[in-house]
Each structure stands twice: as structure tokens, then as C-alpha cells.
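These numbers come from a predicted model, not from an experiment.
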Amino acid sequence: MTVHFPFQNTYAALPANFFARVAPTPVAAPRLIKLNRPLAIHLGLDPDILESPEGAEILSGKTLPGGADPIAMAYAGHQFGHFVPQLGDGRAILLGEVIDGDGIRRDIQLKGSGPTPFSRRGDGRAALGPVLREYVVSEAMAALGIPTTRSLAAVVTGEQVMRETALPGAVLTRVASSHIRVGTFQYFAARGDVEALRSLADHVIARHYPELLATERPYQGLLSAVIARQAKLVARWLLVGFIHGVMNTDNTSISGETIDYGPCAFMDSYDPAQVYSSIDELGRYAYANQPRIALWNLTRFAECLLPLFSDDKDKAVEEAQTLLMTFGEEFNLHYTTGLRAKLGLFAEHEDDQGLAQALLDEMAKGAADFTLTFRRLSEAAGDPEADRNVRQLFTEPEAYDAWSERWRQRIGQEPQSANQRQALMRAVNPAFIPRNHRVEAIIKAAVDGDDYRPFEELLTVLSKPYEDQPEFAAYAEPPRPEERVCQTFCGT
Ligand code: AMP
Ligand code: MG
């Protein structure tokens, strides 16, 4: 009996040049290694069926569930600043859309499910390591409360993929509020297809920004709304020490979710110039460069929308420029508000940004661990004795003492109790992030030893990042020097 999914496929109903109809390529021996049961339930899918042998076939692309209309989406994109007019889903296939428990439409997509007309020279497959990395990091982001695509399942295919060596193949089932990217707009803009741009923009507005439907200038509203979501997203990344690694325009989601986890990483010791990705030789996508790159990507998005703004080109450009200027303010608002909470400040004060920056500067100089500094600061807010746990994170602990005095003076002016302050700080300063050495370790156990227990345990820890979880205290620790991961590699 075929399993039926409650699919509604609005993207597949768009004009034929938006995608290629293509079915997944069956794999030899699919085996489910992880199902995200709570997410399955939220999506209205039966987790028991997905965990059955037939489920593994569906989640590997070997069997199509009833109701699916599989497509590979067309898109273009700027990769490291260079425009590529045709990228598209080269190894991903959208099965369809479901409405989740919150009434939100979600794409269900297989990643690594075989070649498509957009594969170029690629094999359409994914290796187990990058699939597990995306699973762990995207679920960690969700638990941190940061907009992201989700991971529904991971399946090993029973086949090998050839990379530098032969590696076990895998398929990730990814869930997104849509897979529409800045690059999707660029695909049609590059072809001068204004009708397609309008259809795409209308689809996006109906799907992600319905509040614009009744407005007079919906396309200007769309640009403004996407700017606001990206500004907030990147601010949230910075506030947890996340480095996306490949912020190409094809990896920039129109819905404002974090998408396409490749050589991404959370930093250990704070360094604004930190880069992990092996292919980012010039540091284009370094930690502190991310806001600037987001604005660059949004500028490419704005260029696509110009023909929808006005027939008067100059007027359209002027409108776009005015809207793009709001990015800095939006970003600063979210970033400063976030830093204020990280420092446990309830009231706004002129010097808040200065106070935060002074700490960050000392952290950079003293190679202090980003996550632990703020987490331990949360403890120190309630107990000055706990200052010693913070100061020992700095190569020269005295650097912290001077700052701490300034900080205590500032919080001393606020009426809130130490408990209230700690509660505020603990809710925004995670104890647990997917540290690179932990992610590498779970991948090694799975790939070399077919052992998924470390993967499961890491997922458990990361599902409650803001709780202490004393039994898992070791997961909060930075890597020892010999465990340090200096480079991450692309997902391909
Ligand atoms: P990414 O670096 O994952 O964002 O991918 C960039 C482009 O390369 C996208 O168009 C992908 O679909 C495509 N791509 C990446 N890996 C593969 C692969 N193994 N086979 C086919 N296409 C791929
Ligand atoms: Mg991509």
C-alpha cells in the first residue's frame, strides 16, 4: 500500500520554467538512522510509518509517497561574488508541501536523492558526514530559537559516494518554510523574464508576507520585509557565535531562515575575523563580515525587483536604495538589543553598545571562549564570587576585572533582583552549542564505526541549550588544543 502524504503543491503549480519535474533515483539499501518524531507529528505525518521499512524507502527517495509531485527548483546565484546564471537543485528534490500544526506551509525536500537536470558535473548525492552535520546544526539552531530549516530524517543509502575517498552515502529530509532564495529571483532577472519575476514575487508574498497583499506597493513592501528578516537573522547568528560559511545569494532564503548548512561552524574563542571554511580563502564570509554580506545579497535581491517597482528606472533605483538603507538600523536594533540581554541589562543606556564592545574587545585579545564567557557571566550576575570562573577564560584575567567593575556599576543602577537578571541572561546565553570538535566526533563514530550513539547524545544535549544539564557538563567545554577544529569543508 502506498503511503499518502497530505501534500499541496503550490510551487509545482507555478509556470514550467520554475523547475524541472524529476523523480528521486532509487538507492540500494536504505536504512533509517534518525527520524525527528516530534517534527513529523507537527507536520501531520505518521512517525510510525516513517520508522517502518517503507518509511526508509520514502525518506531515501526509493518510493514516492502518494500526493508527491517531485521537482528540482531552478535558481541562479552569486557564489563568492561571481554570478552563475544557472545553479538549481542539483541534488535535492522537493516532494511537496504540507501545512504544519501552526498552519504554516512547509516544504519537504530530499537532499542527496540523485541527479537532476541542474546537477552539472555533480552526482546528485550527499555523503553521510555532511548530512549528519546539517542534521545536528539545524536542529541546534531551532532549539536556540533561531529561524532555520529543520531536519526531519537521515537515511543511509547503502551506496557509496566518491569524494576524495569513497564515503557512505546518505539522504537528508529537509523541511523549510520554503526553498525560495535570492538566487531564485536572480534566475529570472538574468533572463529578463519580468512576468516570471512577478509570479514569483506574488507567490512569495502570498506565502511568506500575506500582510502585504492588501497594500498599495507590495513589491517595495516585499523588499523591506526581506531586509528586516535577514537583518534580524544575521544579528541572531552573531549573538550565538555562528558562522554560516557560504553566504552566497543562492544560500540566502527569502523567508529569513538559515539555509544550506555546509562548512558552517560555531566559534569557540572569540575572534571577529574567524573563518572555518576551507574554500573561503579571502575571509569573505568571516564572522564579523556577515552583516555586510547580508546587505550585499539583499542589494542583489533589490536589483531583481526593480522592474516590479516602477517603469521609471531611476525612480525604482531610488526606492530600492532608500529601503536598503534601513538594513543597518534594523541590524543594529536587533544586535544591540541582543547584546543588552546577553549582559543582563534591562534598561537602555547610551553606553550599552560601548560596554558590550569593551567586553568583546577584551575577549578577542584574551582569546576567551564566546559561549562560556556569556554563560558564566550569567552566573556572575548573581554572585560576584563567580567572577573567577569568567576571568579564567581570558589569557590575561586582569583584563576582565576592569571590565567587570564597569559592568557591576551599570547593573547596580537597575532595580531588578539578581535572580531576575540571571533569568534574563540564562535565557539568551546558551550553555550548549554544536561545538566543532563534537560534531566531528559524532561524524567519525558514524562513518568509521556505524555508531550513532554519540550523534543521538549530542542531539539530546543540544535540544535544551539554555539548561544546565550537569550530567552533560563536558559538552559545554571548549576543545582541548589537540581537539581543536581549524577548518570545515563543503557539504558536497
Ligand atoms: P551548495 O554549495 O551546497 O550550496 O551548492 C551549490 C550548487 O551546487 C547547488 O546548485 C547544488 O545543487 C549543487 N550541488 C552541490 N553538490 C552537488 C552534488 N553532489 N551533485 C549535484 N549538484 C550539487
Ligand atoms: Mg546551496
Side-chain angles (χ1 to χ4, degrees), residues 33-34 36 39 111 126-154 170 172 174-175 233-234 236-246 251 257-271 274-278 285 287 290 369-375 428-447 451-469 471-480 483-491:
I33 53 181
K34 180 67 186 170
N36 188 337
L39 182 60
K111 187 169 172 185
L128 177 58
V131 164
L132 295 180
R133 173 190 294 277
E134 174 153 357
Y135 197 114
V136 167
V137 182
S138 66
E139 287 305 297
M141 287 291 256
L144 286 165
I146 298 175
T148 177
T149 61
R150 302 290 305 270
S151 294
L152 176 64
L172 180 80
R174 176 160 74 174
V175 177
L233 179 67
V234 174
R236 306 270 332 251
W237 288 355
L238 295 200
L239 292 164
V240 294
F242 178 74
I243 304 167
H244 182 284
V246 227
N251 295 337
E257 288 177 342
T258 313
I259 193 170
D260 276 10
Y261 292 86
C264 60
F266 281 73
M267 61 185 176
D268 294 304
S269 46
Y270 177 70
D271 173 6
Q274 181 72 57
V275 174
Y276 286 98
S277 168
S278 62
Y285 300 138
Y287 170 81
Q290 296 182 111
D369 185 83
F370 183 79
T371 306
L372 275 188
T373 300
F374 286 103
R375 185 68 179 184
V428 296
N429 293 322
F432 301 100
I433 50 154
R435 291 186 182 267
N436 302 318
H437 66 297
R438 292 286 178 180
V439 175
E440 291 304 321
I442 65 102
I443 290 174
K444 192 166 164 32
V447 173
D451 180 3
Y452 293 92
R453 285 168 303 181
F455 166 68
E456 289 288 347
E457 186 165 278
L458 184 59
L459 283 177
T460 304
V461 175
L462 295 173
S463 68
K464 292 182 232 149
Y466 299 107
E467 290 179 25
D468 279 328
Q469 307 186 69
E471 69 279 29
F472 292 125
Y475 281 90
E477 293 300 319
R480 293 189 300 269
E483 291 175 322
R484 210 169 281 152
V485 174
C486 300
Q487 254 193 350
T488 52
F489 298 89
C490 232

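- Between Asn436 and Ala265 the shortest heavy-atom distance is OD1-CB, 3.3 Å.
- Here the side chains of Arg453 and Leu458 are not in contact, with every heavy-atom distance at 4.5 Å or above.
- The side-chain contact (heavy atoms from CB on, under 4.5 Å) check on Glu456 picks up Lys34, with sequence neighbours excluded.
- Of the inter-residue distances, the one linking Arg435 atom CZ with Met267 atom CE reads 11.0 Å to the nearest 0.5 angstrom.
- Looking at heavy atoms from C-beta onward, Tyr452 lies in side-chain contact with Leu132 at the 4.5 angstrom threshold.
- A heavy-atom distance below 4.5 Å is found between the side chains of Trp237 and Gln290.
- For the pair Glu440 (side chain) and Val485 (backbone), a donor-acceptor distance under 3.5 Å is absent.
- Between the side chains of Tyr475 and Gln469, no donor N or O sits under 3.5 Å from an acceptor N or O.
- Listed here is the closest heavy atom pair of Ser138 and Thr149: CB-O, 3.5 Å.
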(request) Please lay out, stage by stage, how Arg174 and Glu134 fare under the test salt bridge (Lys or Arg N to Asp or Glu O under 4.0 Å). (result) CA-CA 9 Å; Arg174 176 160 74 174; Glu134 174 153 357; 3.5 Å; yes
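- Side-chain atoms of Thr258 come within 3.5 Å of backbone N or O of Pro147 as a donor-acceptor pair.
- Here the shortest heavy-atom pairing between Ser151 and Leu39 reads O-CD2, 3.6 Å.
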(request) Would you check, one step at a time, whether the test side-chain contact (heavy atoms from CB on, under 4.5 Å) holds for Asp271 with Tyr287? (result) CA-CA 8 Å; Asp271 173 6; Tyr287 170 81; over 6 Å; no
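- Just one of Phe242, Phe432, Phe370 meets the ring-ring contact (aromatic ring centres under 6.0 Å, His included) condition when paired with Phe266; it is Phe242.
- Under the 3.5 Å distance criterion, the side-chain polar atoms of Tyr466 are matched with a main-chain donor or acceptor of Leu144.
- Between Ile33 atom CD1 and Leu128 atom CG the span is 5.0 Å, to the nearest 0.5 Å.
- The closest side-chain heavy-atom distance from Phe455 to Ile443 is not below 4.5 Å.
- At least one donor-acceptor pair closer than 3.5 Å links the side chain of Glu483 to the backbone N or O of Arg480.
- Between Ile259 and Asn251, the closest heavy-atom pair is CG2-O, 3.2 Å.
- Side-chain N or O atoms of Arg236 include one that pairs as donor or acceptor with a backbone N or O of Gly145 at under 3.5 Å.
- In terms of modelled atom types and a separation under 3.5 Å, the side chain of His244 and the main chain of Val234 share no donor-acceptor contact.
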(request) Report the C-alpha separation of Arg484 and Asp268 in whole Å, then their side-chain angles, then the decisive distance to 0.1 Å, and conclude whether the salt bridge (Lys or Arg N to Asp or Glu O under 4.0 Å) test is met. (result) CA-CA 9 Å; Arg484 210 169 281 152; Asp268 294 304; over 6 Å; no
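- Considering only heavy atoms from C-beta on, Ile243 stays 4.5 Å or farther from Tyr285 through its side chain.
- Considering every non-hydrogen atom in both Arg133 and Cys264, the closest pair reads NH1-O, 3.5 Å.
- When side chains are defined from C-beta on, Leu239 does not count as touching Val428, because their heavy atoms never get closer than 4.5 Å.
- Between Val131 and Ala154, the closest heavy-atom pair is CG1-CB, 3.9 Å.
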(request) Please test His437 against Val439 for side-chain contact (heavy atoms from CB on, under 4.5 Å), starting from the C-alpha separation and ending with a verdict. (result) CA-CA 5 Å; His437 66 297; Val439 175; over 6 Å; no
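- Residues Ser277 and Thr488 bring no donor and acceptor atom of their side chains to less than 3.5 Å of each other.
- Residues Thr148 and Tyr261 have side chains that bring a donor and an acceptor to within less than 3.5 angstrom of each other.
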(message) If you apply the rule side-chain contact (heavy atoms from CB on, under 4.5 Å), what do you find for Ile146 with Val240, and how did you get there?
(response) CA-CA 10 Å; Ile146 298 175; Val240 294; 3.7 Å; yes
(request) Could you please spell out the steps behind the salt bridge (Lys or Arg N to Asp or Glu O under 4.0 Å) verdict for Arg375 and Asp369? (result) CA-CA 10 Å; Arg375 185 68 179 184; Asp369 185 83; over 6 Å; no
(request) Kindly indicate, with the supporting measurements, whether the criterion side-chain contact (heavy atoms from CB on, under 4.5 Å) is fulfilled by Leu462 and Glu139. (result) CA-CA 8 Å; Leu462 295 173; Glu139 287 305 297; over 6 Å; no
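- Taking 4.5 Å as the limit, some side-chain heavy atom of Tyr276 sits within range of a side-chain heavy atom of Gln274.
- Between the CD1 atom of Ile442 and the CG atom of Leu459 there is a distance of 7.5 Å, given to the nearest 0.5 Å.
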